[in-house]
Number of protein chains: 2
Amino acid sequence: MSWAPCAAQTPNAYVADCPTRVVLDRISDKWAVLILGLLAESPMRFNQLLRTIQGISQKMLSKTLKNLERDGFVTRTVAPTVPVTVEYAITDLGRTLAATVDPLRLWAQTHFDAVLDAQRRYDASAAGTA
Amino acid sequence: MSWAPCAAQTPNAYVADCPTRVVLDRISDKWAVLILGLLAESPMRFNQLLRTIQGISQKMLSKTLKNLERDGFVTRTVAPTVPVTVEYAITDLGRTLAATVDPLRLWAQTHFDAVLDAQRRYDASAAGTA
DNA sequence: CAGAATCCTCTCTGATACTG
DNA sequence: CAGTATCAGAGAGGATTCTG
């Protein structure tokens, strides 16, 4: 709902770029990338993720996992043990996404200081402006 | 405020990865990537961007540009013409970010169908589950 | 263990009106 | 032209409670 940018009819390729927005929206999920990264290392169970991430609510974990599963990035496997056991694992598709997002992590680490510097400069001059 | 994941003390590298989150949060700004992409092609003025993007509100454009400027991704240049003219341009830092995000665009375009397929399958089976 | 359902708050965002 | 200020609605997300 409300895919405004998709309706834009400008000749610019970036504007009408819907698939990109879909992906970016998933990436922007505060926890999605984090979970994907964890699952890329090894499959995990629900409460295991809940404990590992620590800061995520049960609701958000549930919701995020559901989204990731829906997009085909992770699989959900239920083992009919006594207290039911559910394991989440990354898919091949999810793995390619994780691999694509990874450079962003490196960029962030590399340019983090530059960004912080820019912010400090901006805030300093903005203080005088206001 | 509320940087929960930063507070997590797990041994996993992904969890405490703050710079990544900062970058992802900026990327997740619905319009930030779009604007950055436009400015990467050529500098633009405020209303020019407003008209080009078409679907963004003036408020969001203003806010997003301010954020991008604060992070050092774009510059804001005021020309003291009769009705004041403001030009926004991408910086070198912004350009490296745009370049890093670009693979994500390609990934999105390449795997968009796979994601849609996964969603359809999920929705179909979910219908039976519910 | 692995969630679903409920409540409630707080932010994001759009629409509208005003300014230099 | 290039914004800022204000109001109001929608939705994200946390805390808590309950279930199979």
Side-chain angles (χ1 to χ4, degrees), chain A residues 1-5 7-8 21 24-35 38-39 43-70 74-89 122 126 129-130, chain B residues 1-8 21 24-32 34-35 38-39 43-70 74-89 122 126 129-130:
Chain A
M1 315 78 186
S2 145
W3 275 100
R21 272 255 48 90
L24 289 180
D25 278 359
R26 185 95 1 273
I27 296 301
S28 73
D29 253 327
K30 188 171 183 179
W31 311 102
V33 173
L34 191 56
I35 293 173
L38 286 170
L39 294 183
M44 290 201 202
R45 282 175 303 109
F46 189 86
N47 280 309
Q48 196 178 356
L49 282 166
L50 196 59
R51 269 177 278 107
T52 303
I53 298 186
Q54 197 177 29
I56 191 174
S57 65
Q58 169 271 340
K59 182 184 180 177
M60 278 303 101
L61 177 58
S62 173
K63 181 185 170 185
T64 306
L65 283 172
K66 207 173 285 186
N67 282 336
L68 288 173
E69 187 194 358
R70 190 172 109 97
V74 310
T75 57
R76 194 186 96 112
T77 311
V78 181
T81 51
V82 187
V84 62
T85 301
V86 179
E87 188 174 76
Y88 290 92
Y122 181 90
T129 303
Chain B
M1 314 84 185
S2 149
W3 276 100
C6 292
R21 273 255 49 89
L24 290 180
D25 279 358
R26 185 98 358 274
I27 296 301
S28 74
D29 253 326
K30 186 171 184 179
W31 309 101
L34 191 55
I35 293 174
L38 285 170
L39 294 182
M44 290 201 200
R45 285 176 299 109
F46 190 86
N47 280 308
Q48 195 177 357
L49 282 166
L50 197 58
R51 269 179 279 105
T52 303
I53 298 186
Q54 200 180 26
I56 191 173
S57 66
Q58 167 272 346
K59 182 182 180 179
M60 277 305 101
L61 177 57
S62 174
K63 181 186 170 184
T64 306
L65 284 172
K66 206 173 286 184
N67 283 336
L68 288 173
E69 187 194 357
R70 190 172 110 96
V74 310
T75 58
R76 195 186 96 115
T77 312
V78 181
T81 52
V82 186
V84 63
T85 301
V86 180
E87 188 174 78
Y88 290 92
Y122 182 90
T129 303

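Predicted, not measured: the structure shown is a model, and the values here were computed from it. Chain naming here is simple, since letters A, B, ... match the order of the sequence lines and numbering starts at 1 in each.
- Atom CD1 in A/Ile56 sits roughly 13 Å away from atom P in C/dG3 (whole-Å rounding).
- In this structure, CG on A/Asp29 lies 11.5 Å from CG on A/Leu34, to the nearest 0.5 angstrom.
- Put simply, the side chain of B/Lys66 reaches to within 4.5 Å of the side chain of A/Tyr122, judged on heavy atoms.
- Closest to the B/Asn47 side chain, of the nucleotides D/dC1, D/dG20, D/dG13, is D/dC1.
- Spacing between atom CD1 of B/Ile53 and atom P of C/dG14 amounts to 12 Å, rounded to whole angstrom units.
- Side-chain atoms of B/Arg45 lie closest to D/dC1 of the nucleotides C/dT13, D/dC1, C/dA2.
- Rounded to an integer number of Å, the gap from A/Leu50 CG to C/dA4 P is 13 Å.
- Nearest nucleotide to the side chain of A/Ser57, out of D/dG3, D/dC1, D/dG14: D/dG14.
- Remark on DNA chain D: of its neighbouring residues A/Met60 and B/Leu65, the 5'-side contact belongs to B/Leu65, judged by nearest-heavy-atom nucleotide.
- Side-chain proximity of B/Phe46 to C/dC1, C/dG3, D/dA2: nearest is D/dA2.
- Between the CZ atom of A/Arg51 and the P atom of C/dG3 there is a distance of 13 Å, given to the nearest Å.
- Regarding contacts with the backbone of C/dC1, every side-chain N or O of A/Thr81 stays at 4.0 angstrom or more from both OP1 and OP2.
- Between the NZ atom of A/Lys59 and the P atom of D/dG11 there is a distance of 13 Å, given to the nearest Å.
- Side-chain N/O atoms of A/Tyr88 include one lying less than 4.0 angstrom from OP1 or OP2 on C/dG3.
- Evaluation of atom-type donor-acceptor distances gives no pair under 3.5 Å for the side chain of B/Gln48 against the base of D/dA2.
- Looking at the side chain of A/Trp31, the nearest of the listed nucleotides C/dA15, C/dG3, D/dG14 is D/dG14.
- The distance from atom CG of B/Asp25 to atom C1' of C/dC12 is 13 Å, rounded to the nearest whole Å.
- Nucleotide D/dG14 holds its P atom 11 Å from the CG atom of A/Leu61, rounded to whole Å.
- Under the 4.5 Å side-chain criterion, counting only non-hydrogen atoms from C-beta, A/Ile56 is not in contact with A/Leu49.
- Counting all heavy atoms, side chain and backbone alike, A/Arg45 lies closest to A/Glu87 at CG-CA, 4.2 Å.
- Atom NZ of A/Lys63 and atom C1' of C/dT6 are 16 Å apart (whole Å).
- For A/Lys66, a side-chain nitrogen or oxygen approaches OP1 or OP2 of C/dA4 to under 4.0 Å.
- The two atoms that bring B/Leu50 and B/Leu61 nearest to each other are N-CD2, 3.6 Å, heavy atoms only.
- Which of D/dC1, D/dG13, D/dG3 sits closest to the side chain of B/Arg76 comes down to D/dG3.
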